Amino acid sequence: LYTSLEQLPGDDGQRPASIAEWATKTPIVLDGRPFSFERHEYLKGPYANPAKFEVHLKATQLGLTVLGMLRSIYSLRYRGFKGVLYLFPSRADVADFSRARVRNLIGENPDSIGRWLSDTDNIGLKKVHDGHLYLRGMVSRVGLKSVPADLVVFDELDEARDQSAVDMAIERMAHSEFKEVVMLSNPSLPDFGIDAAFQQTDQCFWLIKCEGCGRWCDLVEDFPECLRETGDGQTLRVCVGCGKQVDISAGRWVPKRPGADRRGYQHSQLHSAYVEPAELLRKFRTARTLTNFYNLNLGLAYVEAENRLTVEEVLSLCSDAGIADQDSGPCYMGIDQGRDIHVVIARRQGNKTAVVHLGIYRDWEDLD
């Protein structure tokens, strides 16, 4: 964490001590309103104490993309960064972000940001003070190779088709003295993408101390019992220990793995003052599949039990026969063409299928 910041010349001769101070005291205007932590108390920590490697496992519409955007601009303007690589799943996402978010930010803040952020005609490149903000899609390996960076921001990491682009993007900081990473994404599958990255962090959760019994409440872990319907039609967030209503603005970030060298936050709509508890409960009860609800509303990686394979189920189908170079057959072959060619050759054994060969090949000619 950054506990002290070197003073660099700012617009008024003083460098803001943090992104939080810069955004609130300038103030930055977003969607017609001055930036504020009111009703977004869970964002104070990430803004005031940015970590060198930061992972945000998040539900939708909680203000995390704004955090990534403002941290990028602040770093270029006040911390001496020369390049920030901001990554999206596709080039279409880059165009939407550049035309909507960046232009609106300049238009609403002509004096505080607009005078040192150039809205050029280049969708993927913006000049910020003495540095550059590179907006790229993760599908373009060529686009990633050509960009030097001090900070890499991954926005909606799990939607990227090629997860190997993560390593390539981080490699763009090989010659940087800063080497900072921010990952933001709705989760999808357990142990994949943003969820796998979050597991390598200190795993901070927003906990609220109950004023009734003193219990520290994790609303996500306690869901759905933490939502209680009252007789007058209201739904309240409550402590599952004593039933007293809890104040989501009074929470604090508590790490599950203190001391880890990477910072992780788990964000849920249960923590948002803009999402009614009754609406969350309704969505939970009426969801056709729970996967989207857990991913997008609770901010948790999830797969329904009937769609999950266990390690034991996979190992039960394995043998010690090894990979065969030949078989008397008859056999059949399945091919998955991507950057490489993945091949499976199998044959029938009674009423079962036996896989006799697995291989990865470069060219179609190799399949003969």
Side-chain angles (χ1 to χ4, degrees), residues 1-8 10 15-23 37 42-58 62-88 128-136 138 144 147-158 160 163 165-185 187 193-206 252-267:
L1 300 179
Y2 299 108
T3 55
S4 62
L5 297 172
E6 178 188 3
Q7 290 294 319
L8 293 177
R15 171 185 177 174
S18 67
I19 312 170
E21 180 181 314
W22 170 62
F37 290 117
Y42 57 87
L43 290 177
K44 287 181 180 179
Y47 270 91
N49 299 296
K52 192 176 183 68
F53 198 114
E54 200 165 279
V55 177
H56 294 269
L57 181 76
K58 69 183 186 72
L62 294 177
L64 275 305
T65 292
V66 173
L67 168 62
M69 180 170 60
L70 292 184
R71 176 166 173 172
S72 299
I73 295 172
Y74 174 85
S75 298
L76 289 165
R77 175 61 185 90
Y78 292 111
R79 298 188 58 216
F81 285 24
K82 296 303 180 185
V84 171
L85 178 58
Y86 204 116
L87 294 173
F88 300 88
V128 182
H129 194 51
D130 292 331
H132 291 89
L133 175 63
Y134 300 90
L135 307 176
R136 294 287 188 271
M138 290 182 67
L144 298 184
V147 176
D150 296 304
L151 164 66
V152 179
V153 180
F154 298 89
D155 202 320
E156 294 305 342
L157 176 65
D158 278 33
Q163 292 288 308
V166 172
D167 294 334
M168 179 175 289
I170 291 177
E171 186 60 29
R172 303 319 305 155
M173 299 188 294
H175 294 288
S176 170
E177 62 178 297
F178 298 101
K179 295 183 175 66
E180 297 185 9
V181 175
V182 176
M183 294 182 172
L184 316 163
S185 186
I194 196 72
D195 185 64
F198 180 75
Q199 292 179 34
Q200 302 302 312
T201 70
D202 60 356
Q203 299 180 23
C204 292
F205 295 87
W206 188 248
R252 67 172 63 174
W253 289 109
V254 179
K256 185 177 181 180
R257 299 177 62 241
D261 61 354
R262 295 182 176 184
R263 172 61 51 85
Y265 296 96
Q266 195 276 327
H267 302 272

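Everything numeric here is computed off the predicted structure, so don't read it as measured data.
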As an exercise, state the distance from [atom1] of [X] to [atom2] of [Y], rounded to the nearest 0.5 Å.
X	Y	atom1	atom2	answer
S176	L151	OG	CG	9.0 Å
T201	L57	OG1	CG	9.0 Å
Y86	I73	OH	CD1	9.5 Å
D155	L64	CG	CG	9.0 Å

What pairs with A20 under side chain to side chain contact (heavy atoms under 4.5 Å, CB included), at least two apart in sequence or on another chain? S18, F37, Y47, A48
Any donor and acceptor pair, going by atom type alone, linking the side chain of [X] with main-chain N or O of [Y] inside 3.5 Å?
X	Y	answer
R172	V147	yes
D202	G264	yes
S185	D158	yes
W253	Y42	yes
R262	Q200	no

Pairing residues for Y134 by the side chain to side chain donor-acceptor pair (under 3.5 Å) criterion, not counting sequence neighbours: none
Counterpart residues, side chain to side chain donor-acceptor pair (under 3.5 Å), relative to H56 (two or more places apart): E54, H267
Result of checking L85, V182, L135, V153 against S72 for side chain to side chain contact (heavy atoms under 4.5 Å, CB included):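 Output: one option passes, namely V153.
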Test ring-ring contact (aromatic ring centres under 6.0 Å, His included) applied to F205 - qualifying residues, sequence neighbours left out: F198
Partners of D195 by salt bridge (Lys or Arg N to Asp or Glu O under 4.0 Å), sequence neighbours excluded?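 Expected list: none.
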Over all atoms of both residues, closest heavy-atom pair of L70 and A23: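 Nearest heavy atoms, L70 then A23: CD1-CB, 4.4 Å.
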What closest approach, in Å, do M138 and L87 show between heavy atoms, and which atom pair accounts for it?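 The answer is CG-CB, 3.8 Å.
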Using the rule given for side-chain contact (heavy atoms from CB on, under 4.5 Å), can you reason through E156 versus K58, listing the C-alpha separation, both sets of side-chain angles and the distance that settles it, and then say yes or no? CA-CA 10 Å; E156 294 305 342; K58 69 183 186 72; 3.0 Å; yes
W22 vs R77, test: side-chain contact (heavy atoms from CB on, under 4.5 Å). Steps then yes/no. CA-CA 11 Å; W22 170 62; R77 175 61 185 90; over 6 Å; no
